[in-house]
Amino acid sequence: MSEKRIAAESDAGSRADVFVSLHFDLTRTAAARLLAEGAVTVNGAPAAKNTRLRAGDEVGVTLPPVRETETLPEELPLEIVYEDGDIAVVNKPKGMVVHPAAGNESGTLVNALLYHMGDRLSGIGGERRPGIVHRIDKDTSGLLVVAKNDFAHTVLSDSLKEHGIDREYKAVCVGNLRDDSGTVDKPIGRNPRDRKKMAVVPGGRNAVTHYTVRERYDGFALLDVKLETGRTHQIRVHLSSIGHPLLGDTLYGGGKTKFEKQNADLLSGQTLHAYRLTLKHPRTGELLRFEAPLPAYFETILRKLRVLSENAR
């Protein structure tokens, strides 16, 4: 599989291995290995790891096929909100990883889907990601659409790329935003100092997040958030970038308030729920809208925040 990226002004002077690592979501070691194997080109010519880039250079990378390992069905709780011959919509619980990866070989949504649906899933995602059209983070709960055949998967993937699938979230952020609504339009890429994190970076991929304040508390706010794009950790990174990390999100600046420390038993990661999903059925074109109620822990957090605000008056 080949992919290409264009070096931005901010990339001018960067070494090829650094650029490939940052823009193709690879470790520096993996990037160096691809360069050594001749799998990286700059403007069509093979590049060395110390090749210096200029703005406008086209960097191509030929990625080797992923070596799949067997993914086994597991009898796990699975809330299926809707299902027909082409798609299923599931309400993923907080704490469940979507698909197997290093360190999470079992207990994932894919393991559960394989048990409940067997071979009635699309194969486009490969053995590791059968039926998976889009993802949400482990500690984010809520709605996902699953493709049950390759036709549905192709149509849904194209719709996602063309912003034809609306994904709306409920989130609690730290601090009170100045405005009742707003948009964060900042590029997102791999954090150059911490490969486990994403960040707002020059030359990153275009990312747009819209938010509306639904309820204000003493030092916190409940938000409706709508994605225009779907980058890894997008909502978490964008809200953190404007000084309002998600409640409980220690990876991106949350977890520092007195309230979070006092309620650590309720908070395991970000307070974020994918509550509404709107899409056109891949075969019939019918507009479908699904909603998932807030999980119990989320409702408990909101009750506590309301009490906190009342006591602060």
Side-chain angles (χ1 to χ4, degrees), residues 1-69 98-103 122-130 132-135 137 150 153-164 184-209 227-234 236-238 241:
M1 180 178 66
S2 297
E3 296 184 15
K4 295 179 180 179
R5 304 280 189 274
I6 302 297
E9 291 286 348
S10 58
D11 297 309
S14 295
R15 291 184 1 166
D17 59 339
V18 174
F19 180 91
V20 169
S21 174
L22 180 62
H23 292 280
F24 291 85
D25 195 17
L26 298 168
T27 64
R28 188 74 66 84
T29 301
R33 183 169 61 249
L34 288 171
L35 282 152
E37 293 171 352
V40 179
T41 60
V42 174
N43 300 324
K49 71 175 184 179
N50 58 354
T51 297
R52 297 286 176 173
L53 299 177
R54 297 169 298 178
D57 281 348
E58 181 184 78
V59 181
V61 174
T62 301
L63 299 170
V66 177
R67 184 172 176 270
E68 305 281 12
T69 59
V98 170
H99 60 77
S122 75
I124 289 177
E127 187 177 330
R128 290 290 212 178
R129 308 182 187 188
I132 300 301
V133 178
H134 62 116
R135 296 176 296 167
D137 297 337
D150 290 354
H153 200 136
T154 300
V155 174
L156 289 171
S157 294
D158 289 344
S159 182
L160 191 66
K161 291 175 185 176
E162 297 167 2
H163 311 304
V184 185
D185 184 350
K186 299 180 180 181
I188 290 177
R190 187 66 60 179
N191 189 317
R193 293 179 295 277
D194 185 345
R195 300 293 304 171
K196 295 180 180 179
K197 297 172 63 176
M198 307 301 288
V200 170
V201 294
R205 301 181 70 188
N206 173 56
V208 181
T209 303
L227 292 178
E228 189 170 313
T229 54
R231 310 305 175 207
T232 301
H233 299 177
Q234 179 173 318
R236 301 165 63 189
V237 171
H238 269 172
S241 78

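Along the sequence shown, the residues carry numbers beginning at 1. Small disclaimer: the values here were computed from a predicted structure and weren't measured.
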Heavy-atom nearest pair, Ala8 first then Gly203, reads CB-CA, 4.3 Å
Which pair of heavy atoms, one from His238 and one from Val208, lies closest together, and at what distance? CE1-N, 3.9 Å
Could you report the tightest heavy-atom contact between Ala16 and Ala48, atom names first, then the distance? CB-O, 3.4 Å
How many angstroms lie between CE in Met198 and CZ in Arg205, if you round to the nearest 0.5 Å? 8.5 Å
For atom CZ of Arg15, decide whether the heavy atoms of other residues, nucleotides or ligands shown that lie under 6.0 angstrom number more than 12. yes
Closest contact, heavy atoms only, Arg135 versus Ile132: CG-CG2, 4.0 Å
So does Arg5 have more than 12 non-hydrogen atoms from other groups sitting under 6.0 Å from CZ? yes
Close side-chain approach of Thr229 and His163, heavy atoms under 4.5 Å: yes
When you measure from the side chain of Ser21 to the backbone N and O of Asp17, does any donor-acceptor pair fall under 3.5 Å? no
Which atom names give the shortest non-hydrogen contact between Leu35 and Ala47, and what distance separates them? CD2-O, 3.5 Å
Under the 3.5 angstrom rule, does the side chain of Ser159 hit a backbone N or O of Leu156 as a donor-acceptor pair? no
Arg231 side-chain N/O to Ala207 backbone N/O, donor-acceptor pair under 3.5 Å: no
Student check: side-chain heavy atoms of Val200 and Val237 closer than 4.5 Å: yes
Approximate separation, where rounding is to 0.5 Å, of Lys4 NZ and Thr41 OG1: 7.0 Å
Looking at side-chain heavy atoms only, is the closest gap between Arg190 and Val201 below 4.5 Å? no
Do other residues, nucleotides or ligands put more than 12 heavy atoms under 6.0 Å from Lys197 NZ? yes
Side chain proximity check, Glu228 to Asp185, heavy atoms < 4.5 angstrom: no
Check Ser241 against Val184 and note the closest heavy-atom contact, atom names and distance. OG-CG1, 4.1 Å
Donor-acceptor pairs are to be reported for all side-chain atoms of residues 52-60 against protein atoms at under 3.5 Å, with residues two or more places apart or in another chain.
residue: Arg52; atom: NH1; partner: Gly13; partner atom: O; Å: 2.9
residue: Asp57; atom: OD1; partner: Asn43; partner atom: ND2; Å: 3.0
residue: Asp57; atom: OD2; partner: Arg54; partner atom: N; Å: 2.8

Criterion salt bridge (charged side-chain N to carboxylate O under 4.0 Å, His left out) on Asp137 and Arg236, from CA distance to verdict: CA-CA 10 Å; Asp137 297 337; Arg236 301 165 63 189; 3.0 Å; yes
